[in-house]
There are 2 protein chains.
Amino acid sequence: MTTTDRADATILESPSLEDACEGITDGLDRDALVTVFGRCTVDYDGRASSQLEAGDRHVMCKPDGTTLVHGFEGQQPINWQPPGCDVSVSCDHDAPALVLESVRSTPKERLSVRFERVVQVAALSGTDDSDLTLSGTEADLRERLLETPELLEPGFRPLATERETRAGAIDIYGEDDAGRTVVVELKRRRVGPDAVGQLRRYVDALERDLHADASVRGILVAPSVTDRAERLLADHGLEFVSLEPTTE
Amino acid sequence: MTTTDRADATILESPSLEDACEGITDGLDRDALVTVFGRCTVDYDGRASSQLEAGDRHVMCKPDGTTLVHGFEGQQPINWQPPGCDVSVSCDHDAPALVLESVRSTPKERLSVRFERVVQVAALSGTDDSDLTLSGTEADLRERLLETPELLEPGFRPLATERETRAGAIDIYGEDDAGRTVVVELKRRRVGPDAVGQLRRYVDALERDLHADASVRGILVAPSVTDRAERLLADHGLEFVSLEPTTE
DNA sequence: TATTGGATTTCGCGT
DNA sequence: ACGCGAAGTCCAATA
């Protein structure tokens with residue numbers, strides 16, 4: 001074994017297209033994270049299709065088959081290919097150009113990056129065993145409400161989470177102090193009309209499932225609502241309770 | 001002016017933390033795309049909050065204030081900061097460590113990456129003036145249906161796009177051959193329950209707006225529907241027409 | 001493998 | 001700045 005625990009890098013500066021091709025191939029073979037910076041065109045065909053004229057971009061190929069093409073602006077890559085794709089690199093001597101291709105079969109997708117010039121190739125090896133700990137999610141909001149049900153209203157009793165209905169799963173299903181059925185939909189942040197539609201679907205479905213004459217209460221729990229969402233709630237006799245995922 | 005048209009790179013291999021700090025600072029000052037690969041911890045606090053123990057990661061800082069922290073797996077960054085943030089780098093000699101911080105004020109967010117070892121720093125300069133051309137979008141589906149309305153059904157006449165209602169804007173608003181009002185909701189790909197809820201909101205809102213006794217037809221246009229969505233459509237008297245954004 | 005809904009969603013457009 | 005909905009959304013959990 002020649003594996004090193006310590007992170008390391010194999011770097012090529014302004015390589016020929018042939019050297020770049022070899023460097024990228026070697027890196028991919030070693031399961032390194034390979035980056036290529038240079039002038040290229042990009043073509044994609046699959047769920048949609050796109051073309052991009054020549055420009056300088058940063059391409060990253062991860063050992064899990066992910067490919068990302070980044071420009072100088074924006075958080076999102078210009079083009080990409082998801083994990084699990086097959087990457088191949090080759091030199092087109094006639095053009096001349098270095099071509100990086102990534103494909104997958106379901107769905108059928110193909111990404112092609114054609115470099116006319118390569119400024120840098122880096123093959124980066126290392127390890128990362130840690131998991132991210134994240135708080136402030138919808139799951140945290142659910143925990144908070146289940147631990148302290150009176151945050152919804154006095155007398156609220158949660159009976160189930162993820163209760164299935166014909167329209168999908170209800171976040172929290174319970175009863176109020178008068179024994180009426182309550183459907184709670186949780187959102188970690190300010191909500192718009194879509195969340196109201198979602199809550200309404202669940203309330204409707206539950207009324208059908210129970211073919212109850214007694215009405216089902218629907219309560220949206222989130223830090224805040226938009227005006228339109230508030231009107232929609234009122235239109236359909238639904239309620240809102242303001243609550244945040246964490247206590248700060 | 002010392003600007004170069006040609007892309008170029010300034011690279012440091014296994015630099016000291018001090019040299020890395022200087023290289024990153026120089027790169028950011030020159031509006032380069034700066035990448036740092038090394039062993040680091042990451043902390044985020046803002047819309048949510050997260051911590052990440054030490055591991056080898058690839059950090060990218062773009063000239064527009066974007067920061068991305070990538071691991072060896074997945075298309076999405078482990079942590080990030082959106083465009084418009086302020087980045088600063090400093091050396092903590094006591095620890096010792098190199099600290100990269102990115103902050104923004106609305107909403108208040110802070111990302112802190114603390115390197116204990118740096119394997120590579122690259123400052124990448126270049127230009128990219130091209131725009132992506134993309135096809136197969138919902139806009140393409142709308143064009144297709146407006147150009148050939150009979151793809152929906154014989155006698156369909158579109159009257160407006162983006163027609164506003166109390167619940168939001170309708171994709172295509174029109175009439176059928178019997179003069180009945182038609183609401184069309186478009187989706188570029190297979191749809192689930194959420195799209196049905198959306199269509200339903202628009203149909204309801206339109207019936208109110210027109211306080212019509214005559215019923216309003218709601219038609220979902222997409223390549224296909226899931227089973228649950230199909231049931232929901234039936235439950236609410238809504239219709240489905242299969243159509244793709246492009247003719248392949 | 002497909003379905004479903006969350007996400008520090010991001011992004012673009014309109015008000 | 002906020003609201004709203006699309007996205008080649010990605011992603012994990014689930015059936």
Side-chain angles (χ1 to χ4, degrees), chain A residues 44-50 66 68-69 73-83 104 106-111 132 134-142 162 164 167-171 185-195 197-198 201-202 224-230 245, chain B residues 44-50 66-69 73-83 85 104-111 132 134-142 162 164 167-171 185-195 197-198 201-202 224-230 245-246:
Chain A
Y44 160 77
D45 198 67
R47 286 172 287 174
S49 92
S50 73
T66 302
L68 302 170
V69 182
E73 293 181 350
Q75 178 172 336
Q76 295 307 123
I78 309 173
N79 280 105
W80 68 92
Q81 202 72 308
R104 70 162 170 170
T106 53
K108 192 170 181 180
E109 289 187 297
R110 193 183 65 92
L111 177 71
L132 187 75
L134 180 67
S135 65
T137 64
E138 183 181 305
D140 292 316
L141 177 56
R142 184 176 59 241
E162 299 294 305
E164 280 298 334
I170 295 170
D171 283 342
E185 174 62 29
L186 305 169
K187 294 294 171 191
R188 65 171 299 279
R189 59 172 211 172
R190 184 173 175 85
V191 293
D194 53 337
Q198 206 178 337
R201 281 198 286 123
Y202 298 151
S224 59
V225 272
T226 65
D227 286 354
R228 189 175 272 170
E230 196 164 29
Chain B
Y44 160 76
D45 198 67
R47 286 171 287 174
S49 92
S50 74
T66 302
T67 297
L68 302 170
V69 182
E73 294 180 350
Q75 178 172 339
Q76 295 308 122
I78 311 173
N79 280 105
W80 69 91
Q81 201 72 308
C85 294
R104 71 162 170 170
S105 46
T106 53
K108 192 171 181 179
E109 288 188 297
R110 193 183 64 91
L111 177 71
L132 187 77
L134 181 66
S135 64
T137 63
E138 183 182 305
D140 292 317
L141 177 56
R142 184 177 58 240
E162 299 293 305
E164 280 297 335
I170 295 170
D171 282 342
E185 174 61 29
L186 305 169
K187 293 294 170 191
R188 67 169 297 281
R189 60 172 210 172
R190 185 173 174 83
V191 292
D194 53 339
Q198 205 179 337
R201 282 197 286 122
Y202 298 151
S224 60
V225 271
T226 64
D227 286 353
R228 178 120 71 183
E230 194 164 30
T246 63

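From a predicted model like this one, the values you see are computed outputs, not experimental measurements. Sequence lines set the chain letters: A, B, ... in the order given, protein chains first and strands last, and positions in each chain run from 1.
Looking at residues two or more places apart in sequence or on another chain, you find no side-chain hydrogen bond (donor to acceptor under 3.5 Å, both in side chains) involving Glu138(A). Every side-chain contact (heavy atoms from CB on, under 4.5 Å) that Ala167(A) has, sequence neighbours left out, goes to Thr165(A), Arg201(A), Tyr202(A), Ala205(A), Leu232(B). Not counting sequence neighbours, the partners of Asp140(B) by the side-chain hydrogen bond (donor to acceptor under 3.5 Å, both in side chains) test are Thr137(B).
OP1 or OP2 of dT9(C) has not a single side-chain nitrogen or oxygen of Trp80(B) nearer than 4.0 Å. Phosphate proximity of dA7(C) to Arg47(B): absent, as no side-chain N or O sits under 4.0 Å from OP1 or OP2. Remark: Arg110(B) is not in phosphate contact with dT8(C), judged by side-chain N or O atoms under 4.0 Å from OP1 or OP2.
Residue Arg190(A) is classed as a sugar-phosphate contact, given heavy-atom separations below 4.0 Å to backbone atoms only. At the heavy-atom level, Ser49(A) lies nowhere under 4.0 Å from the strands shown. Using a 4.0 Å heavy-atom criterion, one finds that Pro193(B) contacts the sugar-phosphate atoms exclusively. At a threshold of 4.0 angstrom between heavy atoms, the contacts of Glu162(B) with the nucleic acid are absent. Ala167(B) comes within 4.0 angstrom of the backbone, heavy atoms only, and of no base. When heavy atoms are screened at a 4.0 angstrom cut-off, Gly168(B) is found touching the sugar-phosphate backbone but no base atom. Nucleic acid contact class of Glu185(A) (heavy atoms, under 4.0 Å, all strands): sugar-phosphate only.
Mapped onto DNA chain C by nearest heavy atom, Asp194(B) and Glu109(B) fall at different nucleotides, with Asp194(B) at the one closer to the 5' end. Taking the nucleotide of DNA chain D with the nearest heavy atom to each of Ala229(A) and Thr137(B), the more 5' of the two is matched to Ala229(A).
For a distance-only test at 3.5 Å, the side chain of Asp227(B) fails to qualify as a donor-acceptor partner of the base of dT3(C).
Not one N or O on the side chain of Arg188(A) forms a donor-acceptor pair closer than 3.5 Å with the backbone of Leu141(A).
When the P atom is used for both dC4(D) and dG8(D), the distance is 23 Å, rounded to whole Å. dC11(D) sits 14 Å from dA7(D) when the C1' atoms are compared, rounded to a whole Å. Comparing dT4(C) with dT8(C), their P atoms sit 23 Å apart, to the nearest whole Å.
In summary, contact between chain B and DNA chain D, defined as any nucleotide atom under 4.0 Å from a heavy atom of the protein, begins and ends at dG5(D) to dC11(D) in the 5' to 3' direction.
The separation between Leu68(B) atom CG and dT8(C) atom P is 15 Å, rounded to whole Å.
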Atom pairs, protein N/O to nucleotides 11-15 of chain C N/O, distance under 3.5 Å:
| residue | atom | partner | partner atom | Å |
| --- | --- | --- | --- | --- |
| dC11(C) | OP1 | Gln75(A) | N | 2.7 |
| dC11(C) | OP1 | Gln76(A) | N | 2.9 |

Compile the donor-acceptor pairs under 3.5 Å between side chains in residues 75-83 of chain B and protein atoms, sequence neighbours left out, one pair per line.
| residue | atom | partner | partner atom | Å |
| --- | --- | --- | --- | --- |
| Asn79(B) | ND2 | Ser50(B) | OG | 3.1 |
| Gln81(B) | NE2 | Ser102(B) | O | 2.9 |

